[in-house]
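In what follows, a structure is listed as structure tokens, so that the remarks can point back to it.
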Amino acid sequence: MSFLYDFITRDKKRKPLPPKDRSNLPFARLGFSFKEWHDGHVNKHKWRNRRWAFLIFINLLFIISFAFDLSILEGSLSGSRLIGIYLMDPFNSSQELVIGSRTGYIALLTTNFWIGFFVIMTFYWLLGGRAFCSWVCPYHFFAEMGERVHNYIVKKKKIREKTYDITVKYVFWAGFLLLAFLTKELVFENLNPVGILSRSLIYGPGLALIWVVALLLYEVFGIKRFWCRYVCPIGTTYSFIGDVSPVGVKFELDKCGYCTDCQDVCLVPHELWFVKKGAATKEVHFTGGDCTKCGLCIDICYGEALSFGFKAPSYILGSVEEKKELHPLEVPDKPKKEK
Amino acid sequence: MAPTNTKINRRQFLKASASAVVSLAVVGSAAYYFKDKSSLREKGFLRPPGARAEKDFLFACIKCGLCVQICPVRAIHLADWDDGLSYGTPFINPAVQACDFSCDAIQCAETCPTAAIDFQIFKHAGNEAVEPLYKKYPNGDFPRNLNPFKMQIAAMKRADKMGLAEVPHPDQCLAYHGQGYKGPLGHGNKGKLRPPGSTERIRIEETEVNRKICDLCVIYCPIGEEAIELTEVSDGKFLPKVKDGCVGCGVCQMVCPTTPQAIIVKPLDKEPLFA
């Protein structure tokens, strides 16, 4: 276990690079003060709009496929079929495999199940693991709205912000698998807001929605993003493959002005640990497994220091990058001053 | 990065883990407690054809709803909290919409990715039925009056029993009183059905029938006389007699015009193999 933890935090454990001089910061190179540079940026919410559109589109596709009997995207987020190709929810499948290994049922699972399991794993490995959360998961959509409300309430000082150790999600992940093993039932599926919401959207609302609403209310008035951050084992499963995924949000230290605005909008701020002054241990960083690839940080970055990028295989394995791989210092083409 | 206080981190982690373990234990014991509390029988709901024994079914079903989508008559629904079945698992309410086998190939079973609804039994039964035919006519040049596909389908729908029809209270049955029936099929419920021998589906509430002695359960049975027959119990009194061939599809209950229905289907359970 500690090996795994060391692997996940491999970049964080390294010696940080010395912070840049003020004269080396991107706004200084352009001859602006920080305020001028910062205020000149217009956030067009490019990735956020694309992401919301995609999320609504996918869930709408589920709904219309059932409503109009089209064979486009049938089933629900627990298991579906995209034009004949099966896709299985990774944690649901994991539970099924755990129970199957205990009872011997594993031999009876159909080829379609295995295809669905491997297709979804490969697909999300290629696209960055928890990309599922922010680009597909309907619960995330409502939780993201809830987070805004929560932030507003915190700002108004009606409630106090509480945070917990995010590693507790590994305990939940292992715990739910253990429960499946012990009780021989897909225990998590009874609580899974993703599945409940997806089924409610497609097959009509049911009483189980009460649980989802209760969770949302708890996230708004209690602990921020309680379910997504600390519990959801689906997200944890995706975060395992996301950590070794070839894509991620790329951070280039050269272009960073140390404003940490990205961390303020980030849905998983611990993944952007390297944007703080003097925190980065490499010239180029990629976000880790918990990053949902939502693009909020990319939208808000004034210096374009953050972007979607491809990791080199050596980066994934955690090797120390050579000097020659360093990003040449680039100055954005246009000064962002004019609106 | 700035040095972090590992002691505080560890304490925080242990605290959070402890609450995680406690909540998991609560959830687990609740799941274990409610696991066998399925009231499938009391509510008269059926599992789809080919469903495994209830205990096996509960973990085998992944609750995706693909069977719901494939069913052409929309007979299958997913259980909600108040349906008395494990949440999210598929069921058929034969009083409203029964499985009339009009998909011809038990598609809910074929589509199930985890084989919670087992297609193999249907496949074997179908293959077994046409095997001698293909041996006799290896090139596929069957005589005109022989349709191997129909024989295959006929064998497939007989391969598994979802339940068993019964007439619990004979005095509710119109035929028992020697009465006929004139009016729409069903008991005010909406449903779709493909009558035996027909190629088109009908809407039962729009189908007017006129029988001298009510025998709707018999004439609409997709299996036929090996499953149900109208028998004269005494002078002028008839009752449907359920035979061994009944697979418990529930069509008889769906079309029965009395309220409550005189003929109902009771779900059957198999021996669990894995649980």
Side-chain angles (χ1 to χ4, degrees), chain A residues 12 16 65-66 69 74-81 86 88-89 92-93 95-96 99-100 103-105 108-110 112-113 116 164-165 167-168 171-172 175-176 178-180 182-191 195-196 199 202-203 206-208 210 230-231 273-274 276 278-281, chain B residues 1-2 4 9-21 23-25 27-35 52 55-56 58-70 72 74 77-83 86-88 110-116 118-120 272-275:
Chain A
K12 227 173 176 172
S65 293
F66 179 59
D69 217 352
E74 297 160 286
S76 68
L77 282 174
S78 298
S80 59
R81 197 170 41 192
Y86 277 78
M88 305 304 294
D89 174 273
N92 233 340
S93 313
Q95 287 182 95
E96 192 76 46
I99 304 170
T103 57
Y105 190 77
L108 293 170
L109 296 171
T110 64
N112 284 330
F113 174 86
Y164 293 88
D165 193 329
T167 31
V168 73
V171 177
F172 274 110
F176 276 119
L178 186 70
L179 280 186
L182 293 176
T183 62
K184 287 191 257 180
E185 164 143 335
L186 306 176
V187 177
F188 175 68
E189 197 51 29
N190 295 318
L191 300 173
I196 292 173
R199 278 189 290 272
I202 299 162
Y203 307 114
L207 285 173
I210 295 170
Y230 308 114
V231 183
W273 55 273
F274 40 71
K276 280 203 184 111
T281 62
Chain B
M1 84 180 270
T4 49
N9 274 355
R10 180 163 299 161
R11 200 190 319 153
Q12 218 186 28
F13 173 70
L14 288 177
K15 238 169 131 182
S17 304
S19 39
V21 168
S23 48
L24 279 168
V27 166
S29 25
Y32 194 73
Y33 176 76
F34 285 113
K35 197 178 153 185
R52 292 187 184 276
K55 278 186 175 176
D56 293 343
L58 287 182
F59 70 74
C61 173
I62 207 159
K63 301 158 184 181
C64 62
L66 279 167
C67 52
V68 179
Q69 304 224 345
I70 204 89
R74 296 265 159 106
H77 302 276
L78 294 184
D80 201 354
W81 280 357
D82 57 341
D83 284 322
S86 183
Y87 169 72
E110 199 175 1
T111 197
C112 181
T114 54
D118 186 14
F119 187 61
Q120 294 306 316
L273 299 173
F274 299 94

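Proteins come first, then strands; the chains are lettered A, B, ... in the order of their sequence lines, and each starts at number 1. As the structure is a prediction and not an experimental result, all values here were calculated from the model.
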Comparing A/Ile202, A/Asn92, A/Leu182 against chain B, the one with the most heavy-atom pairs below 4.5 Å turns out to be A/Asn92
Determine whether B/Thr111 and A/Glu74 make a side-chain contact, defined as any pair of heavy atoms from C-beta on separated by less than 4.5 Å.
-> no
Taking atom CE of A/Met88 and atom CD1 of B/Ile62, what is their separation to the nearest 0.5 Å?
-> 3.5 Å
Considering only heavy atoms from C-beta outward, does the side chain of A/Asp69 approach that of B/Arg74 to under 4.5 Å?
-> yes
Got B/Trp81 and A/Ile210 here, is their nearest side-chain heavy-atom distance under 4.5 Å?
-> yes
Side chain, backbone, both or neither of A/Phe274 within contact of chain B (heavy atoms, under 4.5 Å) | neither
Search all heavy atoms of B/Ala115 against all heavy atoms of A/Thr110 and return the closest pair with its distance.
-> CB-CG2, 3.9 Å
Which heavy-atom pair separates A/Val171 from B/Leu24 by the least distance, and what is that distance?
-> O-CD1, 3.9 Å
Of the backbone (N, CA, C, O) and the side chain (C-beta and beyond), which part of A/Leu178 lies under 4.5 Å from a heavy atom of chain B, both, or neither?
-> neither
Quick one: OG on B/Ser17 to OH on A/Tyr164, what's the gap to the nearest 0.5 Å?
-> 13.0 Å
Greatest number of heavy atom pairs closer than 4.5 Å to chain B - which of A/Thr167, A/Leu207, A/Thr183 = A/Leu207
A/Val168 and B/Ala20: which non-hydrogen atoms are nearest, and at how many Å?
-> CG2-CB, 3.8 Å
Non-hydrogen atoms of chain B under 4.5 Å away: do they reach the side chain of A/Ile196, the backbone, both or neither?
-> both
Are the side chain of A/Ser76 and the backbone of B/Cys64 linked by a donor-acceptor contact shorter than 3.5 Å?
-> yes
Rounded to the nearest 0.5 Å, how far does CG of A/Leu191 lie from OH of B/Tyr87?
-> 10.5 Å
Most chain B-contacting option - heavy-atom pairs closer than 4.5 Å, from A/Leu109, A/Leu77, A/Val231, A/Asn112 = A/Leu109
Does any non-hydrogen side-chain atom of A/Asn190 lie less than 4.5 Å from one of B/Lys63?
-> yes
What part of A/Ile99 lies closer than 4.5 angstrom to a heavy atom of chain B: side chain, backbone, both or neither?
-> side chain
For A/Phe66, all residues meeting ring-ring contact (aromatic ring centres under 6.0 Å, His included), sequence neighbours excluded = A/Tyr203
Does A/Tyr105 reach the main-chain N or O of B/Thr114 with its side chain, forming a donor-acceptor pair under 3.5 Å?
-> yes
Under a 4.5 Å heavy-atom cut-off, does chain A meet the side chain of B/Ser23, its backbone, both or neither?
-> side chain
Chain B contact via A/Lys184 - side chain, backbone, both or neither, heavy atoms under 4.5 Å | both
Salt bridge (Lys or Arg N to Asp or Glu O under 4.0 Å) against B/Asp80, all qualifying residues, sequence neighbours excluded | none
Report the distance from atom CG of A/Leu108 to atom CZ of B/Arg52, rounding to the nearest 0.5 Å.
-> 5.0 Å
Which one of B/Val68, B/Asp56, B/Asp118, B/Leu14 has the most heavy-atom pairs closer than 4.5 Å to chain A?
-> B/Val68
Examine whether an atom of B/Cys67 lies under 4.5 Å from a heavy atom of chain A, and if so say whether it belongs to the side chain, the backbone or both; otherwise answer neither.
-> neither
One option among B/Gly65, B/Ala60, B/Gly88 has the most heavy-atom pairs under 4.5 Å with chain A, and it is B/Ala60
Heavy-atom distances under 4.5 Å only: say whether A/Arg199 touches chain B with side chain, backbone, both or neither.
-> side chain
Residue among B/Leu58, B/Ile70, B/Leu273, B/Val27 with most heavy-atom pairs under 4.5 Å to chain A | B/Val27
Chain B interface, residue from A/Thr103, A/Leu186, A/Val187 that has the most non-hydrogen pairs under 4.5 Å | A/Thr103
